[in-house]
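Below is one structure, written out as structure tokens; comments come after it.
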Protein chains: 2
Amino acid sequence: MASQTEENYLKALFNLANSAGEVNISELSTQLQVSMPTVNSMVKTLQKNGWVIYQKYKPVQLTPAGQKTAAMVIRQHRLTEMFLVNKMGFGWEEVHAIAEQVEHIHAPKFFERMDELLGYPTIDPHGSPIPDKMGRMKETHYVSLADCEAGQNVVLAALTNSSTDFLEFLNSRNLSLGTQIAIHSKEAYDQSMVVSYLENSKETLSEKVCEKLLVRIIGE
Amino acid sequence: MASQTEENYLKALFNLANSAGEVNISELSTQLQVSMPTVNSMVKTLQKNGWVIYQKYKPVQLTPAGQKTAAMVIRQHRLTEMFLVNKMGFGWEEVHAIAEQVEHIHAPKFFERMDELLGYPTIDPHGSPIPDKMGRMKETHYVSLADCEAGQNVVLAALTNSSTDFLEFLNSRNLSLGTQIAIHSKEAYDQSMVVSYLENSKETLSEKVCEKLLVRIIGE
DNA sequence: CAGTTTTGTTAGACTAATCTAACTTATTAC
DNA sequence: GTAATAAGTTAGATTAGTCTAACAAAACTG
Ligand SMILES: [Mn+2]
Ligand SMILES: [Mn+2]
Ligand SMILES: [Mn+2]
Ligand SMILES: [Mn+2]
């Protein structure tokens, strides 16, 4: 059974993997906030335990077992976030830190019950997909609001970043998943956008914000 | 902040403390299933961190800080058990192992929300008292069924042991907290008791079982 | 109270996870 | 294609939590 530390490495590997499934030591080091020698030594341990494939000076790759375990931890994280929001009344900006801890609980039935009580959700409160029990997750094909054009109508579907600060910013602007947004204009100078949604009309969103909003286009 | 290991030692100390608040090294060793040298070394660490008072060859005592932290961990354990049973549909025999893990989550709001959703319960699914946020818990004064007399009517209020095996035994006999029990007779030879409750009439309960059932006497 | 048993301590070793300092390999930039 | 920079590795140390073996103190017991 993977230790809590190992689980965190597997999760990071899963999230950082490029199209070839490869992750560099330095990326892991940054993501997990530990030194490169620590990563180097841990990666050897992960290999010894069958979670990754690794050769000196080469990027790291998850084995199928590693992928499965990583997906389950991510599943438990996202189910927990969903449970906290939908069943316990937390705000979407409060749940990540709690889920970081709850995801490591070893009790399959606990998460099965959450899943059941939630009605088998496929996305978490931030729009990220929840892997199923086989570790598979639904493909999503959202586009960044920053890449949309003036005149388009879109629906906010997910976020590329779910930091508390960003979520609190969205709360303050009354923006949540499912909000329908009309794009009025896009400023050529700084790429900021003027948009309307709900009661908010002609709100300006900076490029920094638009980049992090993933949307589904529903019309011109 | 106490580590998960430290929290388990504090909890054990709280539960094992005699009337003078003292616990022997060997009791801790047995309870926690670690060697006496391990306990000896850990107790020194606990003292260094201000959780216990300790002198060579003397029993260990929790400091006020130690008592408070222990009570909070026990509170989180019991709230979790209650939440799992009342809000998530688990059986009372399934929840202890999960609660052993959940109790170590550092997220006061998580447990506050449980408490709120449960309506501020004062006992857990096994009848054990839940410490309040100050670490105080309601005094209970139950008596063991084994100490009752033939002819008495009692209500099952709590258990001295909540092992899965024992709880499954009680399930098989249709016994749960709140069940009203009439005592018909007590066998002088083996201290077993013949009792009736609900649809079960003239059930025989061994001394071993009766000792573990805590009851409130409601009449002759 | 002397002998035995139980309880507790010390010493020394091990594993997991981390660090810093120093060195090596690989990549990037003229 | 060398020189500089970035990425990765090795070596050695540290801390938390555990163990066994050996010894010491305390508690029982006849
Ligand atoms: Mn999250
Ligand atoms: Mn999320
Ligand atoms: Mn319990
Ligand atoms: Mn309980």
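Every chain is numbered from 1 and lettered A, B, ... according to where its sequence line falls, protein lines coming before strand lines.
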Give the rounded distance in Å between these two atoms: CD of A:E27 and C1' of C:dT27. 15 Å

I want to check one thing: is the phosphate of C:dA16, taken as OP1 and OP2, less than 4.0 Å away from some side-chain N or O of A:S3? no

Look at all strands and tell whether A:K44 reaches a base, only sugar-phosphate, or nothing, counting heavy atoms closer than 4.0 Å. sugar-phosphate

Among D:dT9, D:dA25, C:dT10, which nucleotide has an atom closest to any side-chain atom of B:N40? C:dT10

Selection from C:dT18, D:dT10, D:dA26 that lies nearest to any side-chain heavy atom of A:T5: C:dT18

Which part of the nucleic acid does B:S41 contact within heavy-atom distance under 4.0 Å: base, sugar-phosphate only, or nothing? base

Salt bridge or not between B:K11 and B:E100? Use side-chain N to carboxylate O under 4.0 Å. yes

Taking CE from B:M1 and P from D:dA16, how many angstroms apart are they, rounded to a whole number? 14 Å

Please state how far atom CD in A:Q55 lies from atom C1' in D:dT9, giving the value in whole angstrom units. 15 Å

Does B:Y9 make a side-chain N or O approach to OP1 or OP2 of D:dA16 shorter than 4.0 Å? no

The test is salt bridge (Lys or Arg N to Asp or Glu O under 4.0 Å); show your working for B:R113 and B:E116 and say whether it passes. CA-CA 5 Å; B:R113 281 303 288 144; B:E116 219 172 306; 2.8 Å; yes

Tell me: CG of B:N49 to C1' of D:dT15, nearest whole Å? 12 Å

Between C:dA17 (P) and B:Q4 (CD): distance, integer Å: 14 Å

Which is true for B:S35 with a 4.0 Å heavy-atom rule: it touches a base, it touches only sugar-phosphate, or it touches nothing? base

The answer to which of B:V34 and B:K48 contacts DNA chain D further toward the 5' end, by nearest nucleotide, is B:K48

B:Y57 OH to D:dA27 P, straight-line distance once rounded to whole Å: 11 Å

Please determine whether a side-chain nitrogen or oxygen atom of B:K56 lies at a distance below 4.0 Å from atom OP1 or OP2 of D:dA24. no

Measure the distance from CE on A:M36 to C1' on C:dA22 and round it to the nearest whole Å. 13 Å

Lys/Arg-Asp/Glu bridge criterion (N-O < 4.0 Å) met for A:R75, A:D115: yes

When we call it a touch if two heavy atoms are under 4.0 Å apart, what does B:T38 touch: a base, just sugar-phosphate, or nothing? base

I need the B:D190 CG to B:E207 CD distance, nearest 0.5 Å. 7.5 Å

Given atom CD of A:E6 and atom P of C:dT18, what is their separation to the nearest angstrom? 11 Å

Aromatic contact between B:H126 and B:H96, with the criterion being ring centroids under 6.0 Å apart: yes or no? no

